[in-house]
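Single-structure report; data block below.
Just so you know, ligand 1 is whichever comes first in the structure, and atom 1 is the first atom listed for that ligand.
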Amino acid sequence: MAFFSKLKDKLFKSSSRLEQGLDAIVEDGGEETAAPDPVLPEPEPAPQPVPEIPTTEPALEPPEQPAPAPADPKPIAPPPEIPESKGILNRLFSRGSAATEMRRTLDDDMLEQLEELLIASDMGVDTALRVTSNMAEGRFGRKLSTREIKQLLAQEVARVMEPVARPLPIYPKRPQVVLVVGVNGSGKTTTIGKLASQFKQAGKKVVIAAGDTFRAAAVEQLQVWGDRAGVPVLTAPEGSDPASLAFDALTRAQAEGADLLMIDTAGRLQNRTDLMEELAKIVRVIRKVDDTAPHNTLLVLDATTGQNALSQVETFRKLADVSGLIMTKLDGTAKGGVLVALADKFGLPIHAIGVGEQIDDLAPFDPDEFAAALTGLDKG
Ligand SMILES: Nc1nc2c(ncn2[C@@H]2O[C@H](COP(=O)(O)OP(=O)(O)OP(=O)(O)O)[C@@H](O)[C@H]2O)c(=O)[nH]1
Ligand SMILES: [Mg+2]
C-alpha cells in the first residue's frame with residue numbers, strides 16, 4: 001500500500017531504532033539455525049487486557065476514560081547499547097544464508113533486553129512490561145528469529161492501539177465546534193490547516209477561528225493555512241479577547257450554515273492558571289451560543305517531546321475536557337513509541353497523526369500500519 005510505505009519511510013527513525021535493537025538482541029546470545037521459517041502461531045488471548053474503551057459513538061459526551069495504570073516502582077532502565085552497525089556484507093554474512101538464520105531462545109535475559117529496548121523507544125515502563133510479558137506468554141523457551149519477534153511486537157502494539165484508533169467523529173450537529181489545544185509549538189495551527197483541507201475536500205463547509213490573538217504572526221500563519229485549504233479564517237485584532245472572537249465565529253458559522261468550526265488557541269500563556277482561565281472562558285462564552293459546544297476538544301501533541309507528552313495529557317485533561325489526541329511530528333523522531341504509552345495509559349482516542357509539514361501530511365491513525373511501521377516490519 002502506497003501510504004504504508006510512506007508512513008514507514010516517515011517513521012524511519014523510530015523503526016530503525018527498534019529494528020537495530022531487535023537485531024542486536026537476537027545476535028547477542030542467539031545462534032544460527034537451519035531456516036525454514038516456521039509460521040508464527042496465532043497469538044494467545046491477551047493475558048493482560050488493555051483498557052476497555054466504550055464503543056458507543058458518536059456521542060456528544062466524551063466517553064469515560066479508564067483509570068490510569070498504577071505507577072510502576074521500577075526505575076527507567078538506561079537504553080541498551082546498540083552496537084555499531086557492521087558493514088553490510090558482514091551483516092548479511094552474519095545473518096547466514098537463505099538456509100540459515102539467527103534465532104535466540106526467549107528467556108528472562110532476552111525479555112529484560114526487550115523491555116529496555118521498548119523503554120528506550122519511549123514506550124514507558126508500564127507499557128513496555130505489559131507488551132513484553134504478552135509477547136512471552138506461551139512462548140517462553142522457544143527459539144525466535146528477529147522477524148518473528150518483530151511480528152510479535154507489532155501484534156502487541158496493534159492490540160494496545162486498536163481501541164483508541166478512531167477518526168474524529170462527525171456529528172449531525174451543525175456547526176460542530178472543535179476546540180484545539182496544546183502547548184506552544186506542538187502543531188495546533190498546522191494541524192487545523194490540514195484538517196480544514198481534508199474536511200473541505202470531503203465536502204464540508206469549514207470555518208476557522210484564529211483564537212491565538214496574542215501574536216499577529218499566529219493569525220497570519222493561520223490565514224496562510226486557510227488560503228491553502230480554501231477555508232475562511234475569522235480573526236480579531238492582536239491582543240483582543242479570544243473568547244469574544246470564538247463567540248463571533250460561532251455566531252457567524254451558525255448563520256452561514258457551516259458544518260465545522262475549528263478554534264485555534266494560544267499554547268503559550270504566562271502560567272497554567274492563565275491558560276486554564278482562558279480556555280474556560282472560551283468554553284463558557286461559546287456555550288452561550290450552543291450549550292453543547294465544544295463537541296470535540298483536541299489535544300495536539302508533539303511526538304519529539306517523547307515521555308513529556310504523557311504529562312501534557314495529564315495537564316490538559318485538568319484544563320479542558322480533552323476528547324481526543326492528534327500526534328504530530330512522527331516523521332523524523334525516534335520517539336514514536338510514546339504513542340503506544342499514551343494509548344495504554346489514557347485510552348483517549350487518537351484521531352490522526354502528523355507526518356510532515358505539508359497540507360496532506362496528516363493521516364488517520366491506523367493501528368496495524370503504525371505497529372508495522374514502528375517495528376520495521378515489512379507488510380506483505
Ligand atoms: N515535521 C513536522 N513538522 C510539523 C508537523 N506539524 C507541525 N509541524 C511544524 O511544527 C512547527 C510548529 O507548528 P505550529 O502549527 O505553528 O504549532 P502551534 O501549536 O500552533 O504553535 P503555537 O501557536 O506557537 O502554540 C511548525 O514549524 C510546523 O511546520 C508534523 O507533523 N511534522
Ligand atoms: Mg499556533
Side-chain angles (χ1 to χ4, degrees), residues 3 6-15 168 178-198 208-229 231 233-236 238-240 242 245-246 249 262-272 274-276 278-279 282 297-306 308-309 312-313 315-316 319-320 322 324-336 338-339 342 350-366 369-370 373-374:
F3 185 75
K6 189 172 166 195
L7 180 68
K8 195 177 165 199
D9 202 39
K10 300 242 176 179
L11 280 173
F12 176 72
K13 285 201 176 144
S14 293
S15 66
L168 182 70
V178 181
L179 185 64
V180 180
V181 300
V183 300
N184 180 31
S186 61
K188 297 179 293 297
T189 304
T190 309
T191 301
I192 288 175
K194 293 171 178 175
L195 279 173
S197 162
Q198 291 189 3
I208 299 173
D212 182 356
T213 57
F214 293 87
R215 292 180 301 135
V219 176
E220 283 161 25
Q221 183 195 3
L222 200 52
Q223 269 166 332
V224 170
W225 276 106
D227 288 347
R228 278 183 205 148
V231 163
V233 178
L234 305 186
T235 62
E238 188 177 346
S240 61
L245 169 71
M262 286 195 271
I263 304 175
D264 196 8
T265 61
R268 175 177 16 90
L269 287 178
Q270 274 72 358
N271 58 49
R272 197 193 281 194
D274 282 352
L275 188 56
M276 182 153 33
E278 164 119 359
L279 293 176
I282 293 177
T297 301
L298 300 186
L299 174 58
V300 177
L301 298 165
D302 171 347
T304 63
T305 60
N308 196 262
Q312 286 176 26
V313 175
T315 304
F316 273 90
L319 304 185
V322 174
L325 307 177
I326 291 184
M327 177 67 81
T328 65
K329 310 188 198 179
L330 271 170
D331 52 308
T333 176
K335 301 184 175 195
V338 70
L339 212 51
L342 284 168
I350 298 170
H351 298 311
I353 53 175
V355 290
E357 297 185 84
Q358 304 306 313
I359 201 157
D360 58 353
D361 287 333
L362 186 81
F365 180 67
D366 179 314
E369 289 192 346
F370 175 78
L374 185 71

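Partner of Leu330 under the side-chain contact (heavy atoms from CB on, under 4.5 Å) criterion, out of Val355, Leu374, Asp361: Val355 alone. Screening Leu342, Val183, Leu339 for a side-chain contact (heavy atoms from CB on, under 4.5 Å) with Leu301, the sole residue that qualifies is Leu342. The only option from Thr304, Ile353, Thr190 that meets the side-chain contact (heavy atoms from CB on, under 4.5 Å) definition with Lys329 turns out to be Thr304.
Protein heavy atom at the shortest distance from atom 29 (O) of ligand 1 is Glu357 OE1, 2.5 Å. Nearest protein heavy-atom contact of atom 20 (O) of ligand 1 is Thr189 OG1, 2.8 Å. Here the heavy atom of the protein found nearest to atom 16 (O) of ligand 1 is Gln221 NE2, 2.9 Å. Here the heavy atom of the protein found nearest to atom 18 (P) of ligand 1 is Lys188 N, 3.4 Å. The closest protein non-hydrogen atom to atom 15 (O) of ligand 1 is Thr190 OG1, 2.5 Å.
Distances between N or O atoms of Leu330 and those of ligand 1 include no value under 3.5 Å. The shortest N or O to N or O distance between Asn184 and ligand 1 is under 3.5 Å. When only interatomic distances are considered, the shortest N/O to N/O separation between Asp361 and ligand 1 does not fall below 3.5 Å.
Numbered from 1 in the order shown, with element, the atoms of ligand 1 that lie under 4.0 Å from a heavy atom of Asp212 read 23 (O). Numbered from 1 in the order shown, with element, the atoms of ligand 1 that lie under 4.0 Å from a heavy atom of Val355 read 31 (O). Under a 4.0 Å criterion applied to the non-hydrogen atoms of Gly267, ligand 1 contributes the atoms 25 (O).
A heavy-atom separation below 4.0 Å is found between Asp331 and ligand 1. Not a single heavy atom of Gly182 sits less than 4.0 Å from an atom of ligand 1. The closest approach between any non-hydrogen atom of Ala218 and ligand 1 is not below 4.0 Å. For the pair Met327 and ligand 1, no heavy-atom separation below 4.0 Å is found.
Only side-chain heavy atoms of Lys194 come within less than 4.0 Å of ligand 1; its backbone N, CA, C and O stay farther off.
For a distance bound of 2.8 Å, the N, O or S atoms of Gln221 include none lying that close to the Mg ion (ligand 2).
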